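Shown next, in structure tokens, is the structure this report addresses.
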Amino acid sequence: MTLYILCFTLFLVGIYGILTQRNMIKIIIGLSFMEFSVFLFLALIGYIEGGAAPILSKNFESGNFVDPLPQAMVLTAIVIALAANSMLLSMAVKLYRKYGTFDIRKISQLKG
Amino acid sequence: MEIILSGILIFMILGAIYAIHARDLLSALISCGIVGYGLVICFLLLKAPDLAIVQIVVETITLIIMVSVVLVSTRFELDKEPGFKHKSRLNHQLLGHILIAVFIGIVLLYSFRLAIMHLDSFGDHTLRMSEAYLEGAAEKTGSANLVTGVLFDFRGYDTFGEATILFTAVVGILTILRIKGRK
């Protein structure tokens, strides 16, 4: 239970960063913290005490694995998070070239 | 196991808090690296080697992209605002903000506590849904690694969609960077 709560604390730190920071790079960093905490939470759910990594070998005993299903889902999610983060970063670069700042309060004219 | 993981997680949370409060953007990115590579160690301890490998690659690529973005723009967080005094409005507004933040944090923690109440405690996971995947998985998929078996055989369309998303992201990035804005 402590681990779940700590994991959620990391999520709260990410929300705090998104809500309070004015720099776009800091906001992207906060978003990636939220992503990290969700990955870690899913991987924590699938863990079985004393289980081996889900790779079959010759001396394999049944029921002695950690759950491979959350790991497969998280693997997909990590790659999608990379795509989303690089998309956000490219938008940040574009906005910096137009406005000369990362401060979101100074980016006021949202026209193309 | 639980104690080691808690230690690494507390270290990650400290790194995250420093990353959010750092004045210099490059040091914020280095602290972001603390969190990402701490996550790699957590994955290794949780017996998920595939996740650890992917996370190392992804974290390195993300850090490289972010550092290159910071290097072509600016290192400093915000421009100095003239006439901005930090201490003058310290008392009432700051107290109100802290109270609101603590209240929202407590509400979120309580709802998270409600949400995880019916989960198994850490380490006693029961294989409910995965049993169908695990039964004779080696014969069905021909893969010794069960994660790869699930990812590329049982859930092949998900992986296809993931590749589509990556392609769309690349096309989107190219479009955004090439577009010319109105002056």
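A quick note: this is a predicted structure, and the numbers were derived from the prediction, not measured. Heavy atoms only: backbone and side chains are in, while hydrogens, waters and symmetry mates are out. Protein chains get the first letters and strands the later ones, always in sequence-line order, with residue 1 at the start of each.
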Among [options], which residue forms the greatest number of heavy-atom pairs with chain A at distances under 4.5 Å?
options                              : answer
B/Leu9, B/Val150, B/Ile20            : B/Ile20
B/Ile65, B/Asp158, B/Leu109, B/Val57 : B/Leu109
B/Ile165, B/Val58, B/Val70, B/Leu51  : B/Leu51

(message) Taking the ring centre of each residue, are B/Tyr157 and B/Phe160 less than 6.0 Å apart?
(response)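 Aromatic pair excluded; centres sit 6.0 Å or further apart.
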
(message) Could you check, using the six-membered ring where one of them is a Trp, whether B/Phe112 and A/Phe41 have ring centers closer than 6.0 angstrom?
(response)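 When the ring centroids of B/Phe112 and A/Phe41 are compared, they turn out to be within the sub-6.0 Å range.
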
Which bit of [X] is near chain B, if near means a heavy-atom gap under 4.5 Å: side chain, backbone, both or neither?
X        : answer
A/Ala77  : neither
A/Leu12  : side chain
A/Phe102 : side chain
A/Met24  : neither
A/Phe36  : both
A/Val66  : side chain
A/Gln21  : side chain

(message) Any donor-acceptor pair under 3.5 Å linking the side-chain atoms of B/Asn145 with those of B/Asp50?
(response)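 A donor-acceptor contact under 3.5 Å links the two side chains.
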
Under 4.5 Å from any heavy atom of chain A, what part of [X] do you find: side chain, backbone, both or neither?
X        : answer
B/Phe43  : side chain
B/Leu119 : side chain
B/Leu45  : backbone
B/Ile173 : both
B/Leu25  : side chain
B/Met1   : side chain

Could you tell me whether the side chain of [X] and the main chain of [Y] form a donor-acceptor pair under 3.5 Å?
X        : Y        : answer
B/Ser31  : B/Ser27  : yes
B/Thr159 : B/Phe152 : no
B/Lys140 : B/Asp153 : no

(message) Taking atom CD1 as the centre, does B/Ile3 end up with more than 12 heavy-atom neighbours from other residues, nucleotides or ligands that are less than 6.0 angstrom away?
(response)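 No.
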
(message) Using side-chain heavy atoms (C-beta onward) and a distance below 4.5 Å, is B/Tyr37 in contact with B/Glu59?
(response)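 Counting from C-beta outward, B/Tyr37 and B/Glu59 do come under 4.5 Å.
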
Which pairs would a plain distance check flag for residues 80-91 of chain A, meaning a side-chain donor or acceptor within less than 3.5 Å of a matching protein atom at least two apart in sequence or in another chain?
unit_1  : atom_1 : unit_2  : atom_2 : d
A/Ser86 : OG     : A/Leu82 : O      : 2.6
A/Ser86 : OG     : A/Ala83 : O      : 3.2
A/Ser90 : OG     : A/Met87 : O      : 2.7

